[in-house]
Amino acid sequence: MIPKNVLRKIKQIEITTSRLVADLFAGQYHSVFKGQGIEFDEVREYQFGDEIRTIDWNVTARTGKPHVKKYIEERELTVMILVDVSLSCRFGTINHLKSQLAAEISALLALSAIRNNDKVGLIIFTDRIEKFIPPRKGRQHVLRVIREVLYFEPQGQSTNIVEALEYLNRVTTHKTITFLISDFFSSQHFLTQDEVLKKRLAIANRRHDLIAVVLNDPRELILEESGILLLEDAETKECFYLDTTNPVIRQRYLEDNQKRQEELKRLFRINGIDFINIMTNQSYADEFVKFFLKRRKRK
């Protein structure tokens with residue numbers, strides 16, 4: 001039995017994201033993510049301006065009148081949502097936790113997909129695969145996706161994007177639209193210097209249309225002067241003191257995070273992967289609208 005407060009939160013997210021899909025995303029999702037080809041629809045009489053190469057010569061010979069084959073786009077797609085639920089994502093200082101943003105973004109993408117009659121699947125991961133929901137259609141399926149992302153209790157603590165991408169390739173047999181939602185933090189290694197990750201990203205993007213959604217919080221980018229702080233690493237539980245009154249430490253913190261951001265962007269660009277930066281203190285809807293417009297212009 002799902003608690004009432006959980007149901008209220010799921011309903012609230014559904015209402016919010018449904019409005020965004022209806023008001024902001026109408027037509028944009030469809031125009032950006034095309035089907036994988038065309039399929040035969042019907043035969044009709046030739047009309048002035050029709051392509052000569054579409055003439056169905058068998059029907060033309062049988063009826064004595066020129067007929068052409070009509071094709072339509074193979075619209076149905078499969079959308080896979082990969083969500084990082086490691087402990088570093090349970091952080092946020094303004095408006096939302098990153099994990100809450102991940103749930104709302106997942107709902108937004110899932111509702112956009114089913115509005116276009118596409119299937120939606122979900123992979124929840126930490127340093128292991130935590131949950132896999134095969135692609136399906138329907139509102140109830142989307143509500144399940146929201147519930148799992150929002151309230152799933154993971155066993156792992158850190159992040160292993162390589163494992164998530166390898167699992168994606170094992171459970172999918174054809175090309176998908178894949179959204180990889182993560183803060184791309186790992187206490188075990190510096191992700192942008194992980195050669196295995198670089199290869200797996202490249203392979204995944206060749207097999208699928210891979211889009212990275214990067215979750216950030218302002219306090220992760222800039223260290224404000226707040227005295228001496230006792231901090232705990234969310235993934236390793238290591239505790240340490242940090243003197244934020246020291247300008248040298250604050251500057252080094254800023255430079256390290258700027259470097260991490262730039263190297264992450266470079267990692268995506270060299271592999272031809274589109275990415276969307278989302279801040280907990282800004283509208284994720286605006287960033288997705290910009291992404292859709294940019295993609296549509298490029299296409």
Side-chain angles (χ1 to χ4, degrees), residues 78-91 98-99 101-102 105-106 109 121-133 149 152 154-217 220-221 233-238 253 255-280 284 287-288 291 295:
T78 298
V79 176
M80 290 299 301
I81 303 174
L82 277 60
V83 183
D84 176 4
V85 294
S86 60
L87 292 183
S88 65
C89 287
R90 296 191 179 186
F91 177 79
K98 288 183 285 184
S99 57
L101 269 183
I105 291 169
S106 298
L109 296 171
L122 176 69
I123 297 174
I124 297 177
F125 70 95
T126 53
D127 52 13
R128 67 199 73 180
I129 302 302
E130 300 278 358
K131 185 86 174 182
F132 170 56
I133 300 178
V149 176
F152 185 83
Q155 298 297 311
Q157 297 180 345
S158 58
T159 307
N160 190 334
I161 295 174
V162 170
E163 175 64 24
L165 294 174
E166 289 178 344
Y167 188 81
L168 168 70
N169 288 332
R170 288 198 297 271
V171 297
T172 54
T173 57
H174 56 85
K175 183 174 181 177
T176 70
I177 309 298
T178 297
F179 290 89
L180 173 58
I181 305 174
S182 174
D183 59 3
F184 292 86
F185 269 110
S186 176
S187 299
Q188 297 178 350
H189 54 266
F190 196 43
L191 286 176
T192 57
Q193 296 176 2
D194 188 335
E195 294 300 323
V196 177
L197 174 60
K198 293 177 183 178
K199 292 178 182 178
R200 291 298 179 271
L201 283 170
I203 293 170
N205 197 43
R206 284 198 296 270
R207 288 194 57 181
H208 308 278
D209 185 355
L210 181 63
I211 299 110
V213 181
V214 185
L215 306 175
N216 293 297
D217 185 86
E220 293 171 332
L221 306 179
D233 188 304
E235 296 185 354
T236 65
K237 301 303 180 182
E238 178 186 357
Y253 185 92
E255 291 173 355
D256 286 348
N257 278 290
Q258 287 176 339
K259 180 182 178 182
R260 186 182 70 87
Q261 291 285 314
E262 289 304 315
E263 290 194 1
L264 198 55
K265 291 177 183 178
R266 183 174 176 274
L267 175 65
F268 296 141
R269 284 173 179 147
I270 61 175
N271 288 299
I273 297 170
D274 285 336
F275 61 93
I276 310 167
N277 272 316
I278 304 294
M279 299 292 295
T280 58
Y284 61 83
E287 295 305 315
F288 271 90
F291 164 73
R295 264 223 167 185

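Keep in mind the model is a prediction, meaning the values are calculated, not measured.
- Every residue two or more places apart in sequence or in another chain that forms a ring pair (Phe, Tyr, Trp, His ring centres under 6.0 Å) with Tyr167 is listed here: Phe132.
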Worked verdict on Leu168 versus Leu180 for side chain to side chain contact (heavy atoms under 4.5 Å, CB included): CA-CA 11 Å; Leu168 168 70; Leu180 173 58; over 6 Å; no
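- Considering Val213, Ile123, Leu210 as possible partners of Leu82, the one that fulfils the side chain to side chain contact (heavy atoms under 4.5 Å, CB included) test is Ile123.
- A donor-acceptor pair is defined here as one N or O able to donate and one able to accept, closer than 3.5 Å; no such pair exists between the side chain of Asp84 and the backbone of Ile161.
- The nearest pair of heavy atoms linking Arg260 to Phe185 is NH2-CZ, 3.2 Å.
- Summarising the geometry, atom CZ belonging to Phe125 is positioned 7.5 Å from atom CG belonging to Leu165; distances are rounded to the nearest 0.5 Å.
- The line from CZ of Arg207 to OG1 of Thr172 is 5.0 Å long, rounded to the nearest 0.5 Å.
- Side-chain atoms of Thr176 never come within 3.5 Å of backbone atoms of His208 as a donor-acceptor pair (strictly under, hydrogens ignored).
- Between atom OG of residue Ser88 and atom CZ of residue Phe184 there is a gap of 11.0 Å, rounded to the nearest 0.5 Å.
- In this structure, the separation between OG1 on Thr126 and CG on Leu87 is 8.5 Å, given to the nearest 0.5 Å.
- Listed by chain and residue number, nothing satisfies the salt bridge (charged side-chain N to carboxylate O under 4.0 Å, His left out) test with Arg128 (two or more places apart in sequence, or in another chain).
- Side chain of Asn257 to backbone of Glu220: a donor-acceptor contact under 3.5 angstrom is found.
- A donor-acceptor pair is defined here as one N or O able to donate and one able to accept, closer than 3.5 Å; such a pair exists between the side chain of Glu130 and the backbone of Gly156.
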For Phe179 and Val79: C-alpha separation, side-chain torsions, deciding distance, then whether side chain to side chain contact (heavy atoms under 4.5 Å, CB included) applies. CA-CA 8 Å; Phe179 290 89; Val79 176; 4.1 Å; yes
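- For the pair Thr280/Lys98, a side-chain contact is recorded, criterion being any heavy-atom separation below 4.5 Å from C-beta on.
- The ring pair (Phe, Tyr, Trp, His ring centres under 6.0 Å) test applied to Phe275 returns Phe268, not counting sequence neighbours.
- Distance CD/Gln261 to CD/Gln258: 9.0 Å, rounded to 0.5 Å.
- Looking only at side-chain heavy atoms (C-beta outward), Ile211 and Phe291 come within less than 4.5 Å of each other.
- For Glu262 and Lys259, the salt-bridge test fails: no basic side-chain N is under 4.0 Å from an acidic carboxylate O.
- Expressed to the nearest 0.5 Å, how far CG of Asp209 lies from CD1 of Ile273 amounts to 10.0 Å.
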Please lay out, stage by stage, how Asp127 and Glu163 fare under the test side chain to side chain contact (heavy atoms under 4.5 Å, CB included). CA-CA 7 Å; Asp127 52 13; Glu163 175 64 24; over 6 Å; no
